[in-house]
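A short write-up of the structure that comes next.
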Amino acid sequence: MPPSAFEHWYAAQPAYEAGDHARAYEIASAGLADWPDNPVLNYQLACFATLSGDEEAGLRHLRIALAGDERTRGWAAEDDDLAAILDRV
């Protein structure tokens, strides 16, 4: 059994906290091989991508998250990590 989607973004958390958002994205995106439509993983990837300056990837991941889990809409509304893209969702 592959690692859970949570384990992928959890492994990226130290890079995120260190401000290395591109590295956080790289680490967490490995989970897409097994969990391409996981809403929470895609939400985290949206944050990491947006903060690293890849707003198009951020939008792509956020749209997957929003389609898969209604809770992500509320999270996004209050998440400064996604401020640069929220007006385009």
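Hydrogens, waters and symmetry mates are skipped; everything else that's a heavy atom, side chains included, is used.
Every salt bridge (Lys or Arg N to Asp or Glu O under 4.0 Å) that E70 has, sequence neighbours left out, goes to R73. In terms of the salt bridge (Lys or Arg N to Asp or Glu O under 4.0 Å) criterion, residue partners of R88 (sequence neighbours excluded) are, by chain and number, E55, E56. When the side chain to side chain contact (heavy atoms under 4.5 Å, CB included) test is applied to A67, no partner is found at least two apart in sequence or on another chain. D34 pairs by the side chain to side chain donor-acceptor pair (under 3.5 Å) definition with nothing, not counting sequence neighbours. D37 meets the side chain to side chain donor-acceptor pair (under 3.5 Å) test with no other residue; sequence neighbours excluded.
For the pair A12 and A24, the tightest heavy-atom approach, listed with the atom from each and the gap, is CB-O, 3.3 Å. For the residue pair A46 and G58, the shortest heavy atom distance occurs at CB-O, 3.4 Å. When all heavy atoms are compared, the tightest approach of E26 to S29 is O-OG, 3.1 Å. Of all heavy-atom pairs between A65 and P39, the closest is CB-O, 3.3 Å.
To the nearest 0.5 angstrom, C47 atom SG is 9.5 Å from H21 atom NE2. Atom CD in Q13 sits 7.0 Å away from atom CD in Q44 (nearest 0.5 Å).
Heavy atoms of other residues, nucleotides or ligands lying less than 6.0 angstrom from CD of E17 number more than 12.
Using a distance-only test at 3.5 Å, with no hydrogens or angles considered, a donor-acceptor pair links the side chain of N42 to the main chain of N38.
Annotation for L82: hydrophobic cluster partners, listed by chain and number, are F6, W9, Y10, Y16, Y25, L32, W35, V40, L41, Y43, L45, F48, L51, L59, L62, L66, W75, I85, L86, V89 (ILVMFWY side-chain heavy atoms under 4.5 Å, direct or chained).
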